[in-house]
Number of protein chains: 2
Amino acid sequence: MNKFETKHWTSDTVAADLEHAIHEHRLPPGTKLGEDELAEAYGISRTIVRAALLALSHRRLVELKRNRGAFVAQPTVRDAREVFEARALLEPRTAHSAAERMTDEDLSLLRSNIASEHEALDAGENGRALFLSGQFHVEIARIADQTTVQGFISELISRSSLIIALYWRRRAALCETQAHHALLDAFANRDGALAEQLMKSHLLDLVASLDLRNVTQPPTSLREALKR
Amino acid sequence: MNKFETKHWTSDTVAADLEHAIHEHRLPPGTKLGEDELAEAYGISRTIVRAALLALSHRRLVELKRNRGAFVAQPTVRDAREVFEARALLEPRTAHSAAERMTDEDLSLLRSNIASEHEALDAGENGRALFLSGQFHVEIARIADQTTVQGFISELISRSSLIIALYWRRRAALCETQAHHALLDAFANRDGALAEQLMKSHLLDLVASLDLRNVTQPPTSLREALKR
DNA sequence: GCACGCAGGATTGTATACGAACTTGAGTTC
DNA sequence: GAACTCAAGTTCGTATACAATCCTGCGTGC
């Protein structure tokens with residue numbers, strides 16, 4: 001409990017910290033996020049915690065159930081499809097723009113991102129690797145200089161992390177970094193069309209690596225399953 | 001002050017009511033949204049008002065300035081470009097999907113929407129007409145059965161309303177309904193490719209009807225203009 | 001013995017009180 | 001007379017208190 005006592009938390013920083021934890025699967029889908037619990041952990045009052053949870057619920061990372069509390073969201077199969085369809089609409093064209101605006105600093109930033117991801121994987125820190133791999137995508141949107149689209153993509157990628165937690169099938173481990181390397185090459189050559197194409201197939205590969213058969217809905221809890 | 005006293009307001013309904021008012025230009029960009037003022041108007045406490053303002057700030061319809069208060073957002077020229085670029089990424093393909101899933105009920109719903117818009121225009125209720133014309137776009141996303149994308153589009157369209165308030169140039173009044181009529185025909189024929197194309201040019205027309213030369217930044221207030 | 005009801009405990013929803021920051025305008029000084 | 005200082009007033013930021021709702025487990029009645 002060192003970092004919690006020292007820092008001056010605001011609703012924004014708390015929300016970011018929680019989102020980070022969710023993204024890294026330290027807070028798996030369905031986890032109850034009690035207000036008192038969080039307030040004590042961060043050393044703040046429930047007011048700030050509520051604002052943070054509200055923010056996360058707007059990004060659909062947290063589900064607020066009235067008089068029941070806040071829970072880390074559990075995307076349905078349908079949600080999963082929608083998230084990746086939205087990403088397919090936004091990311092390829094954004095990668096295209098990014099390739100054309102790419103500076104050398106941007107390139108080295110992306111390169112170091114991939115390097116960190118490798119480190120994390122080698123150290124067995126899968127959550128951290130997943131987070132970094134998401135950051136790679138957000139960084140591309142930043143480079144494309146589209147803050148609005150960047151916000152959407154950032155939300156979609158955090159949600160993707162939840163989807164991966166629920167629907168990832170074991171096979172095919174690190175095809176991820178391969179695709180990112182290929183994208184980096186396209187960026188280095190400022191080849192927008194290629195980057196767009198690579199991003200498109202990267203996203204398709206991602207969806208293909210999920211198990212989205214409707215039968216395997218997350219069991220979560222009986223009461224929820226039998227709600228109606 | 002009749003509707004305010006009777007209804008049982010929640011943060012969601014308050015936020016929706018404010019968003020509606022912003023969308024209809026009853027609350028123009030830059031309007032100060034004092035917490036006490038709103039709390040009294042709706043007959044609730046500041047707690048609910050704050051939650052509503054927080055929600056609107058997440059949708060970038062309201063700008064929260066620390067220790068200063070909440071103001072209806074004033075999108076910059078850059079924001080305006082970004083919003084319409086994002087719409088260009090999302091809406092044409094969404095219209096394509098919508099055309100393919102269109103039911104007869106959906107069609108009549110869209111038709112009645114256009115009719116209401118005409119009524120509003122004839123009655124001189126420009127704000128209401130603008131709101132309805134936005135609803136037309138959101139409805140398309142709903143028909144495409146993409147709730148995630150629908151959320152994004154809904155946000156973008158509300159922001160577009162602010163942009164129109166700031167940057168609309170007088171000429172070319174109601175080309176709007178014309179484009180919507182053409183879209184409706186494409187939908188009626190379940191012609192996805194045509195709907196996609198029409199939506200694309202509709203959005204281009206919209207941008208073209210704006211005055212986005214950087215020189216004419218909104219003057220808002222002197223103190224803001226001279227901030228640095 | 002099973003099911004229903006009810007009460008106690010826990011958790012969230014809302015309101016309010018208090019403290020902090022900013023704005024504003026008058027007063028003072030140079 | 002102009003500019004600076006400071007204090008009063010206003011508005012937001014945070015914490016806390018109380019009310020409402022829900023969950024849980026025990027008791028009672030059939």
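Quick note on labels: first sequence line is chain A, next is B, and so on, each numbered from 1.
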_Between A/Asp211 and A/Arg213 (salt bridge meaning N to carboxylate O under 4.0 Å), is one present in this structure?_
yes
*Which nucleotide in the set D/dT14, C/dT12, C/dA21 lies at the smallest distance from any side-chain heavy atom of A/Lys32?*
C/dT12
*Residues in ring-ring contact (aromatic ring centres under 6.0 Å, His included) contact with B/Phe136, at least two apart in sequence or another chain*: B/His180
*Figure out the CG/C1' separation between B/Leu54 and D/dC12, and round it to whole Å.*
13 Å
*Between B/Arg68 and C/dT23, does any side-chain N or O lie under 4.0 Å from OP1 or OP2?*
yes
_Residues that B/Arg50 engages under side chain to side chain donor-acceptor pair (under 3.5 Å), provided they are two or more places apart_ = B/Glu35
*When the distance from CG of A/Asp36 to P of C/dA10 is rounded to whole Å, what number comes out?*
11 Å
*How close or far is atom C1' of C/dT14 from atom CG of B/Asp12, stated in whole angstroms?*
15 Å
*Below 4.0 Å: OP1/OP2 of C/dA21 and any side-chain N or O of B/Arg66*: no
*Can you tell me how far P of D/dA15 sits from OH of A/Tyr42, to the nearest Å?*
15 Å
*Which residues pass the ring-ring contact (aromatic ring centres under 6.0 Å, His included) test with A/His58, sequence neighbours left out?*
B/His58
*Contacts of type salt bridge (Lys or Arg N to Asp or Glu O under 4.0 Å), residue A/Glu91, not counting sequence neighbours*: A/Arg87
*Which angle, rounded to 10°, do you find between the first-five-pair axis and the last-five-pair axis of the helix from C/dG1-D/dC30 to C/dC30-D/dG1?*
0°
*For B/Phe152, what residues pass the ring-ring contact (aromatic ring centres under 6.0 Å, His included) criterion, not counting sequence neighbours?*
A/Phe152
_Non-neighbouring partners of A/Asp145 that pass salt bridge (Lys or Arg N to Asp or Glu O under 4.0 Å), sequence neighbours left out_ = A/Arg101, B/Arg78
When you compare the protein's N or O atoms with those of nucleotides 15-19 of chain C, which come within less than 3.5 Å of each other, and at what distance?
residue : atom : partner : partner atom : Å
C/dA15  : OP2  : B/Ser45 : N            : 3.3
C/dA15  : OP2  : B/Ser45 : OG           : 2.7
C/dA15  : N7   : B/Thr47 : OG1          : 2.7

_The criterion is salt bridge (Lys or Arg N to Asp or Glu O under 4.0 Å); which residues satisfy it with A/Glu37, sequence neighbours excluded?_
none
*Rounding to a whole Å, what distance do you find between B/Asn67:CG and C/dT23:C1'?*
12 Å
*asked:* I need the CG-C1' distance between A/Leu64 and D/dT21, as an integer number of Å.
replied: 16 Å
*Is there a donor in the side chain of B/Arg60 and an acceptor in the side chain of A/Thr148, or the other way round, less than 3.5 Å apart?*
no
*For B/Glu35 and D/dT14, give me the distance from atom CD to atom C1', rounded to whole Å.*
12 Å
*asked:* In whole Å, I'd like the distance from the NZ atom of A/Lys65 to the P atom of D/dC23.
replied: 10 Å
